[in-house]
Structure formats: structure tokens, C-alpha cells
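The structure displayed is predicted, hence computed values, not measured ones.
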Amino acid sequence: MKKFKNFLGKVPRWLKVAVPLVLIAFIAVFVVIGSIPKSYPEGAIVQGRNESYGIYYNNRAFVEYSTLDKFAELTEKRIEVTNNFNTYREENYYSIKGIDPDYAIVRRNVYAGLTLYLSLSEIPLFKGEDIYEDIFHISENTENYCYLKVKPGRYGGYDYYRLKGELNDVFREFFDYINQADFFYKSDVEEMKDIALESNPYYIEAEFENKFIYGVRLYEGGYIIPCGAGDICQKIPEEMYDKLKSIMDNTENGEFIDNTRENYQEKSLDEFDNLGELEKFVPAYIPEKAYVFGRGLIDVNFEIDSLHVYYSYDKETGEVNGAGEISLVYEAVSGNNYRVMIDKDSFKSYWKSKTLVKPEDFTEEWLLENYEDTYLIHAGSDKEHRYYHYYFTVDFEGFYVTVYSHKVEPEDIYKIVKSINTGN
């Protein structure tokens, strides 16, 4: 006992205080865990926990549902989310206006893309309204109805349509019906056990005014699975299924929508919104000739091979501020290409070169002294020709234009930069 007292006398005072506090915290955790209900109301349908995507908020597992329009005005505030991924890109998660974050949250990535995550597991469900109304408030908020149908062709995929005119009433009646339709376990229906693996469903979606989207999957025979769900389903009458299918199979019933929810590679800046001042830094000049091995200087057609726009956003609210960076890649023949990257001072561009030049100092002489690489070619009857590769950034005081070129003539690189009309 005396030895124990001597030992305690040597223990630092802060440790004597900390240990009891830690023990109290552990006891509190066990009490909370023990208080979590182990049962659900009689007759309730409950999905199992789906942890396939490793996203957690309030100890609830979320699964990725879809991408949304990056300009959708639906983010509310930043929330702390844990995940099982080691990502090198910045990602932030947000609650959604008017929707409980225990069931739906959104993620923004460094390019401002917006992804929806759902958590519909481990909750008691009886009728469709337990999801469609109590969580998403579809009848109150829907502005348009949309649908996705399987694309014809070898590689499949989906075409995305927005329903036209009076046909919206048919889809409204459909949601009214499934609001009152009972849920049951998919595993209890023989024809539903493997249907997700054997057939491609239609997607019927409700689109809100703020561009939030939620919907269901419609399978052959009139079976419905709520998106974000896997264990549960519903059933609609055969005549309702046939009516919905006939509407969605007729392309004249819907307005085809180019899917602007994602930052696809486009061919024109007209495809993008909120470009702001960055747009005026896009060079107007496009070369029309290039030196091609074995053929000399020939006429070529430089076209945009890929185009990306990256947007900045407010970290606390998730609201998109506007374009922060534009990347254009022009391609011609035999590897002749050049990239133009335009970005704001506040945007951390991966492509920004260490070789900086002011517009007033940018001359043809400067180009011949500041190339990235150069080499001569001698082949057959071709005359001696020198190739230049360039990688430099023009500093426009708050805006930067980076040029990276491969087998493009120096005089054309000069004309590309000089064709930038900033309006100054």
C-alpha cells in the first residue's frame, strides 16, 4: 500500500485529473450506445446499412446517388463528414436547404462539381410518403419531372429528358400513387431478386426549383426502387407501368437535355456559364499552318480537342463564385498541339509555369530566348527545320495565361498571345 501511495505521489497532477475524465467519457459513450433503439415499429420495413462508399455523417452511412448542376442554389452550410478515402483533392460537404442532413448531403470538389449522397438505411418505412414526402417533400417542391432511358447502341448509357406540358400530370399522379403504396422487401419477391442485374431501369426524377433532383428506378413489371435504396421496393399497377413506359419511349414527349450536371469535355465555351472576366483572356488567333515531318509547312485545322472550366466556391456556404480557371487544348495533325490555361490569381493552377513574363515584355525575341526545348530535324529531301516547345505564363496582374505547345511555330505562339484582347 505504501509503495502504491509513493507511486501516486510521483504521478503528475494533470494526469491524476485527466484519467478520471477519460473514464467518465468512456462510460458516457457506452451509455449512449446502449440507449440506441434495437427495434423498430411493428411491421416497419428497414434497409440494411450500406457502407460501400465509406461516407459517414452523424454515424449514418451515405451512398453516392448522382451529380447535380453545379449552379444549383441548394447548399446551406459546411458540415464535418468522415470517409474511408485518401484523396489528394480538396472536398467539402454541405447540408441541403430544406432537407435533413441525416438523409441527404452534397459534396463539392476542387472543380466545384456537386455530388449528392443519400442515407436511407436503418430507418422505419411503411409507405412511399415516408421517403418522398417526409424526407424530400416532392409534392411541395417539384418544378419539373425528368426521366432517363437507356440509350440505343452497343455501349448503352442513358439519355436525359425533361417531360413536356400536360404529361407532367401523369408523373404527378405516379408520385401520388407511390406515396401511398406500401414498401416491401425486394428479397421477398422472386422476380425482383436479381432484376437489378438483368435489366436496365427507367429513372423517373422530380426536379426542384433550386435544381435538387431525387427520383426512383422503374423496372419491368412496374416495380419501383427508390434511388439510394437497395433492399426495398414498391409495385404499381400494370396499366400505369404501360402508360409511363409508352410516354418515355416516345422521344417527342420529352425535351432532350444535354447533361450539364457534370464538367464534361466540351468543344465550345458557349457550353459554360458564369465565366466572368476569364473569358476575355481567351486568345482569338488560331494557327492555320504547321510543319509536319516529311511534308514541310502545310495547311492544318487546329480544333479544340478538350475544354474544361473549373469553378471556385465559398468554403463555408458551398456557393459557386464563378469560373476560376479555363483549360483549352487545341489539336492538329502529327502531334501538333497547344494548351492555353487561363486562371485567376486566387486560383491555384497546376499548370502555371515558373517562367513568367509581363505582356509589355512579351516579344518574338523573348520567345526565341525562352523556349522549353528545341531540336533540329534532317530527313530525306526536307530542309533543316527547328522545332520549339514552349511552356510559359503571361502575367496580366491578377490573371494568368499559360501556354504549353508542342510542334507549333514560334511566330504562331506569338500571335496567339498577342491576340488576347483584355479590353484595357
Side-chain angles (χ1 to χ4, degrees), residues 40-50 52 61-66 99-100 102-104 116-142 144-150 158 161 163 167-208 212-249:
Y40 296 95
E42 184 179 352
I45 301 296
V46 183
Q47 289 195 97
R49 187 177 174 103
N50 187 339
S52 57
F62 286 74
V63 296
E64 182 178 337
Y65 168 36
S66 71
I99 298 178
D100 190 329
D102 276 349
Y103 307 111
L116 174 62
Y117 288 83
L118 301 175
S119 179
L120 301 178
S121 60
E122 299 181 301
I123 56 176
L125 300 170
F126 294 90
K127 295 182 181 295
E129 62 187 0
D130 295 336
I131 291 179
Y132 312 131
E133 297 304 325
D134 293 351
I135 294 176
F136 297 112
H137 319 293
I138 284 177
S139 62
E140 176 186 347
N141 294 314
T142 300
N144 299 295
Y145 292 100
C146 307
Y147 62 93
L148 289 80
K149 56 175 291 189
V150 177
Y158 281 86
Y161 293 87
L163 201 62
L167 292 173
N168 280 284
D169 290 339
V170 178
F171 277 43
R172 191 173 295 111
E173 291 170 4
F174 162 73
F175 274 103
D176 286 343
Y177 184 91
I178 62 174
N179 268 336
Q180 299 307 314
D182 291 334
F183 282 118
F184 50 88
Y185 288 111
K186 187 161 64 84
S187 58
D188 290 341
V189 182
E190 189 64 34
E191 58 263 45
M192 282 297 291
K193 287 182 179 178
D194 298 316
I195 195 167
L197 303 175
E198 295 174 354
S199 64
N200 293 309
Y202 295 90
Y203 284 77
I204 298 178
E205 298 184 329
E207 182 182 59
F208 295 2
F212 178 81
I213 291 174
Y214 180 74
V216 299
R217 304 193 295 275
L218 173 60
Y219 288 91
E220 185 177 349
Y223 289 99
I224 302 292
I225 296 180
C227 288
D231 299 345
I232 62 174
C233 63
Q234 297 171 288
K235 179 79 164 59
I236 60 173
E238 185 176 343
E239 58 271 21
M240 180 179 285
Y241 170 75
D242 291 339
K243 188 174 184 178
L244 291 167
K245 184 177 184 299
S246 65
I247 289 173
M248 293 185 287
D249 284 342

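- Here the side chains of Tyr158 and Pro201 are in contact, with some heavy-atom distance below 4.5 Å.
- Contact between Glu133 and Ile138 at its shortest, heavy atoms only, is OE1-N, 3.7 Å.
- Distance check: Ile236 CD1 to Tyr219 OH gives 13.5 Å after rounding to the nearest 0.5 Å.
- Contact record, Ile99 with Ala104: CG2-CB, 3.8 Å, taken as the closest heavy-atom pair.
- The heavy-atom pair separating Ile178 from Gln234 by the smallest distance is O-NE2, 2.8 Å.
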Handout entry: Verdict with reasoning, Tyr241 to Glu220, per side chain to side chain contact (heavy atoms under 4.5 Å, CB included)
Key = CA-CA 8 Å; Tyr241 170 75; Glu220 185 177 349; 3.9 Å; yes

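- The structure places OG of Ser119 at 15.5 Å from OH of Tyr65, a figure rounded to the nearest 0.5 Å.
- Counting heavy atoms from C-beta outward, Lys127 and Tyr132 have side chains that stay 4.5 Å or more apart.
- Looking at Tyr203 and Cys227, their side chains come closer than 4.5 Å, going by heavy atoms from C-beta outward.
- Residue Lys149 places its NZ atom among more than 12 non-hydrogen atoms of other residues, nucleotides or ligands, all under 6.0 Å distant.
- One N or O on the side chain of Asp231 and one on the backbone of Gly48 form a donor-acceptor pair closer than 3.5 Å.
- Atom OG of Ser121 is separated from atom CD1 of Ile232 by 10.0 Å, given to the nearest 0.5 angstrom.
- For Phe175 and Tyr145, the distance between ring centers is under 6.0 angstrom.
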Practice task
Take Leu148 and Glu205 through the side chain to side chain contact (heavy atoms under 4.5 Å, CB included) test and state the conclusion after the steps.
Solution key: CA-CA 8 Å; Leu148 289 80; Glu205 298 184 329; 3.6 Å; yes

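- Of the possible donor and acceptor atoms, none in the side chain of Tyr103 sits under 3.5 Å from a partner among the backbone N and O of Phe136.
- When side chains are defined from C-beta on, Glu64 does not count as touching Leu116, because their heavy atoms never get closer than 4.5 Å.
- Using a 4.5 Å heavy-atom threshold, the side chains of Leu118 and Tyr214 count as touching.
- The distance from atom CD1 of Ile204 to atom CG of Leu218, rounded to the nearest 0.5 Å, is 5.0 Å.
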Problem - Worked check of side chain to side chain contact (heavy atoms under 4.5 Å, CB included) between Ile45 and Tyr185 - result: CA-CA 7 Å; Ile45 301 296; Tyr185 288 111; 3.7 Å; yes

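- Looking at heavy atoms from C-beta onward, Val46 lies out of side-chain contact with Leu125 at the 4.5 angstrom threshold.
- Between Asp169 and Arg172 a salt bridge is recorded (basic side-chain N to carboxylate O distance below 4.0 Å).
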Exercise for the section: Give the C-alpha distance, both sets of side-chain angles, the deciding distance and a yes or no for side chain to side chain contact (heavy atoms under 4.5 Å, CB included) between Ile131 and Leu120. Expected result: CA-CA 8 Å; Ile131 291 179; Leu120 301 178; 4.3 Å; yes

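- For Asp242 (side chain) and Glu239 (main-chain N/O), no donor-acceptor pair under 3.5 Å exists by modelled atom type.
- Using the six-membered ring where Trp is involved, Phe184 and Tyr223 have ring planes that are perpendicular, over 60° apart on the 30 and 60° scheme.
- Aromatic ring centroids of Tyr147 and Tyr161 lie under 6.0 Å apart.
- Not one N or O on the side chain of Lys235 forms a donor-acceptor pair closer than 3.5 Å with the backbone of Asp182.
- Within the 4.5 Å cutoff, no side-chain heavy atoms of Tyr40 are placed close to those of Ile123.
- Under 3.5 Å, the side chains of Glu122 and Gln47 contain no donor-acceptor pair of N or O atoms.
- Side-chain contact between Ile247 and Leu163 is present, with at least one heavy-atom pair separated by less than 4.5 Å.
- With no hydrogens or angles considered, no side-chain donor-acceptor pair links Thr142 and Glu207 at under 3.5 Å.
- Nearest heavy atoms, Phe62 versus Asp102: CZ-O, 3.6 Å.
- In this structure, a donor-acceptor pair under 3.5 Å is present between the side chains of Tyr202 and Asp249.
- Nearest heavy-atom pair across Met240 and Phe174 is SD-CD1, 4.0 Å.
- Considering all non-hydrogen atoms of both residues, Phe126 and Glu42 come closest at CE2-O, 3.6 Å.
- Panel note: side chain Glu129, backbone Gln180; no donor-acceptor pair is recorded below 3.5 Å.
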